[in-house]
Amino acid sequence: MKPLIPHDTLHHHANPRARRGEPIGPRPRAVLTQEAMREAREEIRAWPGYRPTPLLALEGLAAAAGVGQVFYKDEAHRFSLNSFKALGGAYAVLRLLKSRLPAGVTTEALLAGEHREAVGEITVCCATDGNHGRSVAWGAQQFGARCVIYLHATVSRGREEAIARFGAEVRRVGGNYDDSVRQAARDAEANGWFVVSDTSYPGYMTVPRDVMQGYTVMVDEAIQQLDAPPTHCFIQGGVGGLAAATLAQLWEAYGADRPRVVVVEPEQAACLYASARAGAPTAVEGELETLMAGLACGEVSLLAWEVLDEGIDDFMTVSDAAAVDAMRLLADGVDGDAPLVAGESAVAGLAGLLIASQEPALRSALGLDAQSRVLLIGSEGATDEAVYRELVGRSSAEVMAEVATHA
Ligand SMILES: Cc1ncc(COP(=O)(O)O)c(C=O)c1O
């Protein structure tokens, strides 16, 4: 079989602590409860403009990878934000505002501006590499709060402008993502603002838990859309929140028969991989220079780690070149598959699947075969058009136009 993605380095760690073939245990359940997941579903499904995103069967890609089926959850269509992150930050903003307002204030009342004065006194803030900040700014704007967003040096102008369009004040900070997290925390403390972060740290757990609960809405949709349980899920990792929400929801739904879950990270920012190897949360230092901006995280979310540690079966890393190849494969459509628009942080899982499927030893270690049914989360569309065009060689609109002629 001709490799779909050439690669030179390969890092894979099989997690010896993973509990496979067992129902979900008390440790992950202490983080993400069924009740809270249900609450998030009821809330978010009632938001104006809510629609489940499509789950696409990519038959050409599955055949090329030598697996039975590949299902791609396409988050390019999530609200107007083009990423799954719309579910997390905005939901956490809403929960925070409700906790500061008199009991009984409803989402409808907030959306209608009925508590404008009280909400306008509240400032939410966060650090972001793009998508989370967009979600927080969008949530703050919808529900009427003030918002300040911190961006580190390498976040693109396009992403900055997209955040500013939702009315947030944007502040640039030197250093990497983790430095911007610390700056947001310091300013919030000094000004009486509320940090709405997607990552947890000692003493800061409530909001990131709400963020992950918001993400589970997407996984629940995928479970409803699938007609049989997947055997594998390849999921990209930044601080680990997405992977934790995905794993927890799959584990709750399928119990001991849950799929094998593989976390895939950029090789320059593989804090989950490093933590799994060390057996404890472990930071990765340095510039974290990767094209996959949403995954450029050097420190794991402690809360996410509580879910991942005994649940994720395998940890892998992929190069930036592999991610770009995966974006182009989706944009072209493999062997008759419809073209798809996926941003650079959306495809690490796909790149991991393709590399694993073409490496005999890894293929067999992961149990990939012609019967495998693989779930991928395409976590963003073209969230930065200029970056997308540069990497893929044409605009997302051009790729979408090909979708129209494909049928
Ligand atoms: C598109 C996209 N995918 C995946 C992730 C990773 O999510 P997490 O940081 O929760 O692991 C991010 C994070 O920003 C993202 O923007």
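Indexing begins at 1, ligand by ligand and atom by atom, following the structure's order. Just so you know, residue 1 is the first one in the sequence shown, and it goes up from there.
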For [X], which part has a heavy atom under 4.0 Å from ligand 1: side chain, backbone, both, or neither?
X	answer
Lys85	side chain
Leu242	both
Ser83	neither
Thr199	neither
Asp129	side chain

Derivation of the salt bridge (Lys or Arg N to Asp or Glu O under 4.0 Å) call for Glu160 and Arg172: CA-CA 9 Å; Glu160 176 177 342; Arg172 283 274 176 184; 2.8 Å; yes
Using a strict 4.0 Å threshold on nitrogen-to-oxygen distance, state whether [X] and [Y] make a salt bridge.
X	Y	value
Arg159	Glu344	yes
Glu380	Arg134	no
Arg95	Glu43	no
Lys85	Glu75	no

Backbone or side chain, does any N or O of [X] fall under 3.5 Å from an N or O of ligand 1?
X	result
Asn131	yes
Gly294	yes
Gly240	yes
Glu380	no
Gly238	yes
Val239	yes
Gly241	yes

query: How far apart are the closest heavy atoms of Arg209 and Val31, and which atoms are they?
result: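 What the structure gives for the nearest pair is NH1-O, 3.0 Å.
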message: Quick check on Asp198 - does any of its heavy atoms sit under 4.0 Å from an atom of ligand 1?
response: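 Outside the 4.0 Å threshold, so no.
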Within the structure provided, determine whether [X] and [Y] are in side-chain contact (heavy-atom separation under 4.5 Å).
X	Y	result
Tyr150	Asp187	yes
Thr231	Gln371	no
Phe143	Val124	no

message: With no hydrogens and no angle check, just 3.5 Å: does a side-chain donor-acceptor pair link Thr383 and Asn82?
response: no
task: Give the residue, atom name and distance (to 0.1 Å) of the protein heavy atom nearest atom 3 (N) of ligand 1.
output: Ser379 OG, 2.7 Å
field: Atom indices of ligand 1 within 4.0 angstrom of Leu295 heavy atoms, with elements
entry: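 That gives atoms 4 (C), 5 (C), 6 (C) of ligand 1.
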